[in-house]
Asker: 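Next up is a structure, given as structure tokens.
Because the structure is predicted, anything quoted here is derived from the model rather than measured.
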Amino acid sequence: MSDGISIHLDTQQAAAVARAFGEAPEIVIEELAAAAWKSELLLERETKENTPVGIGGGAGLKGSISAREPEVLADGVIGMVGTPLVHAVPVELGTKPHFPPIQPLADWARLKLGVRPEEARSVGYLIARKIAARGTEGAFMFTRALDSCRAQIEGYFAAAAGRILARVAGS
């Protein structure tokens, strides 16, 4: 749920890749797309590992997180990892205090905490009161994945830059 990631290359290497783009854009795009895809797959795995699992198990939010094929633009490549589920944002960032519906919390208490069915609604109500008083903490699964993978991703793009320069010099 980050605004994005910027990859840092040394200025000489970045200038050389920019020149290579003018000479052989197909090579530059091919290598950048490959580095983006590898980065996306890494971020998908790490994000899923950091995602809390609800009563639906891995089929819920965790199962919905996926990498998308890199988008090739005229002047670059965009990679993306995300989910179509709207509750990903509150899970990522947490929430302010609010009073949530009780039944999903009762179901959660029954399935995750082993609460007896006849007590589940009362436990769900107590959880809802706590959320109403304190909100919820964010899991920051996307943020943590990006933070933990940043150096590795920068390495993928630095290696791609090296391959770009080698391929353009050899052509």
Side-chain angles (χ1 to χ4, degrees), residues 1-98 108 112 130-131 134-171:
M1 310 309 295
S2 172
D3 290 335
I5 183 172
S6 59
I7 304 302
H8 303 283
L9 301 174
D10 68 57
T11 54
Q12 288 180 339
Q13 190 178 38
V17 169
R19 283 192 302 278
F21 189 79
E23 295 175 36
E26 66 285 347
I27 290 173
V28 175
I29 293 297
E30 179 185 329
E31 291 291 348
L32 290 180
W37 184 240
K38 192 173 182 177
S39 299
E40 288 177 55
L41 293 175
L42 173 66
L43 286 170
E44 177 185 337
R45 185 194 76 215
E46 290 295 316
T47 302
K48 285 180 173 185
E49 287 180 10
N50 291 320
T51 300
V53 179
I55 59 174
L61 178 58
K62 184 176 187 172
S64 75
I65 295 169
S66 64
R68 229 175 52 184
E69 195 73 31
E71 185 176 341
V72 177
L73 306 175
D75 61 347
V77 175
I78 295 177
M80 190 179 313
V81 175
T83 174
L85 300 182
V86 296
H87 70 282
V89 174
V91 173
E92 171 76 4
L93 302 175
T95 65
K96 292 181 178 180
H98 65 287
W108 181 86
K112 290 295 243 181
K130 182 174 180 186
I131 293 170
R134 297 196 179 120
T136 61
E137 289 186 34
F140 298 101
M141 61 274 189
F142 288 94
T143 303
R144 289 172 42 212
L146 182 57
D147 289 346
S148 69
C149 296
R150 186 178 304 273
Q152 196 169 350
I153 291 169
E154 287 181 358
Y156 294 159
F157 280 92
R163 287 190 304 274
I164 289 166
L165 300 179
R167 287 178 66 190
V168 171
S171 61

Asker: Roughly how far, to the nearest 0.5 Å, is NZ of Lys38 from CD of Gln152?
Answerer: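 The distance works out to 8.0 Å.
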Asker: How close do Ser64 and Pro84 get, heavy atom to heavy atom, and via which atoms?
Answerer: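 Between these two residues, the closest heavy atoms are O-CD, 3.9 Å.
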Asker: Is it true that a side-chain atom of Glu31 and a backbone atom of Arg163 form a donor plus acceptor pair closer than 3.5 Å?
Answerer: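 Such a contact is absent between Glu31 side chain and Arg163 backbone.
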Asker: Are Ile27 and Phe21 packed together at the side-chain level, in the sense that at least one heavy-atom pair is separated by less than 4.5 angstrom?
Answerer: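 Ile27 vs Phe21: side chains apart.
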Asker: Can you check whether Pro52 reaches Val91 side chain to side chain, under 4.5 Å on heavy atoms?
Answerer: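 The answer is yes, as the side chains (C-beta and beyond) meet within the 4.5 Å cut-off.
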Asker: Measure the spacing between CG of Leu32 and CD1 of Ile78 and express it to the nearest 0.5 Å.
Answerer: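 Interatomic distance, Leu32 CG to Ile78 CD1, rounded to 0.5 Å: 12.0 Å.
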Asker: What pairs with Arg19 under salt bridge (charged side-chain N to carboxylate O under 4.0 Å, His left out), at least two apart in sequence or on another chain?
Answerer: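 Testing Arg19 for salt bridge (charged side-chain N to carboxylate O under 4.0 Å, His left out), a comparison that skips the adjacent residues, returns none.
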Asker: Considering non-hydrogen atoms only, spot the tightest contact between Ile29 and Leu73 and give its length.
Answerer: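 Where Ile29 meets Leu73 most closely, the heavy atoms are CD1-O, 4.1 Å.
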Asker: Identify the heavy atoms of Ala35 and Ser39 that sit nearest to each other, and give their distance.
Answerer: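 Heavy atoms of Ala35 and Ser39 come nearest at O-OG, 2.8 Å.
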Asker: Quick one: do Tyr156 and Leu42 satisfy side chain to side chain contact (heavy atoms under 4.5 Å, CB included)? Show the steps, please.
Answerer: CA-CA 11 Å; Tyr156 294 159; Leu42 173 66; 3.9 Å; yes
Asker: Can Arg150 and Glu154 be counted as an ion pair, charged N to O under 4.0 angstrom?
Answerer: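 The answer is no: the pair does not qualify as a salt bridge.
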Asker: Quick one: does Ile153's side chain get under 4.5 Å of Leu43's, heavy atoms only?
Answerer: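 Sidechains of Leu43 and Ile153: in contact.
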Asker: Taking atom CD of Glu40 and atom CE of Met80, what is their separation to the nearest 0.5 Å?
Answerer: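 Rounded to the nearest 0.5 Å, the CD-CE separation comes to 8.0 Å.
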Asker: Short question: side chain of Thr47, backbone of Glu44 - any donor-acceptor pair under 3.5 Å?
Answerer: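 Pair absent, no side-chain N/O of Thr47 close to backbone of Glu44.
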Asker: Applying side chain to side chain contact (heavy atoms under 4.5 Å, CB included) to Val77 and Trp37, what does each step give before you reach the verdict?
Answerer: CA-CA 10 Å; Val77 175; Trp37 184 240; over 6 Å; no
Asker: For Arg134, what residues pass the side chain to side chain contact (heavy atoms under 4.5 Å, CB included) criterion, not counting sequence neighbours?
Answerer: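 Only Lys130 meet the side chain to side chain contact (heavy atoms under 4.5 Å, CB included) criterion with Arg134.
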Asker: Can you name the closest pair of heavy atoms from Glu23 and Val168 and give their distance?
Answerer: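 What the structure gives for the nearest pair is OE1-CG1, 3.4 Å.
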Asker: Counting only heavy atoms not in Glu26, do more than 12 sit closer than 6.0 Å to its CD atom?
Answerer: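 Result for CD/Glu26: enclosed.
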Asker: Could you check whether any side-chain N or O of Glu46 sits under 3.5 Å from a backbone N or O of Leu146, counting only pairs where one atom can act as donor and the other as acceptor?
Answerer: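 Side chain of Glu46 to backbone of Leu146, a donor-acceptor pair under 3.5 Å: no, none is there.
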Asker: Name the one of Asn50, Thr83, Thr51 that satisfies side-chain contact (heavy atoms from CB on, under 4.5 Å) with Phe142?
Answerer: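 For Phe142, the side-chain contact (heavy atoms from CB on, under 4.5 Å) test succeeds with only one of Asn50, Thr83, Thr51, which is Thr83.
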Asker: Is it the case that more than 12 heavy atoms not belonging to Lys48 sit under 6.0 Å from its NZ atom?
Answerer: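 For Lys48, atom NZ is crowded (more than 12 foreign heavy atoms under 6.0 Å).
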Asker: For the residue pair Ala161 and Gln13, what are the closest heavy atoms and their distance?
Answerer: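 Nearest heavy atoms, Ala161 then Gln13: CB-NE2, 3.3 Å.
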Asker: Can you tell me how far apart CD1 (Ile65) and CE (Met141) are? Round to the nearest 0.5 Å.
Answerer: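 Reported to 0.5 Å precision, the distance equals 5.0 Å.
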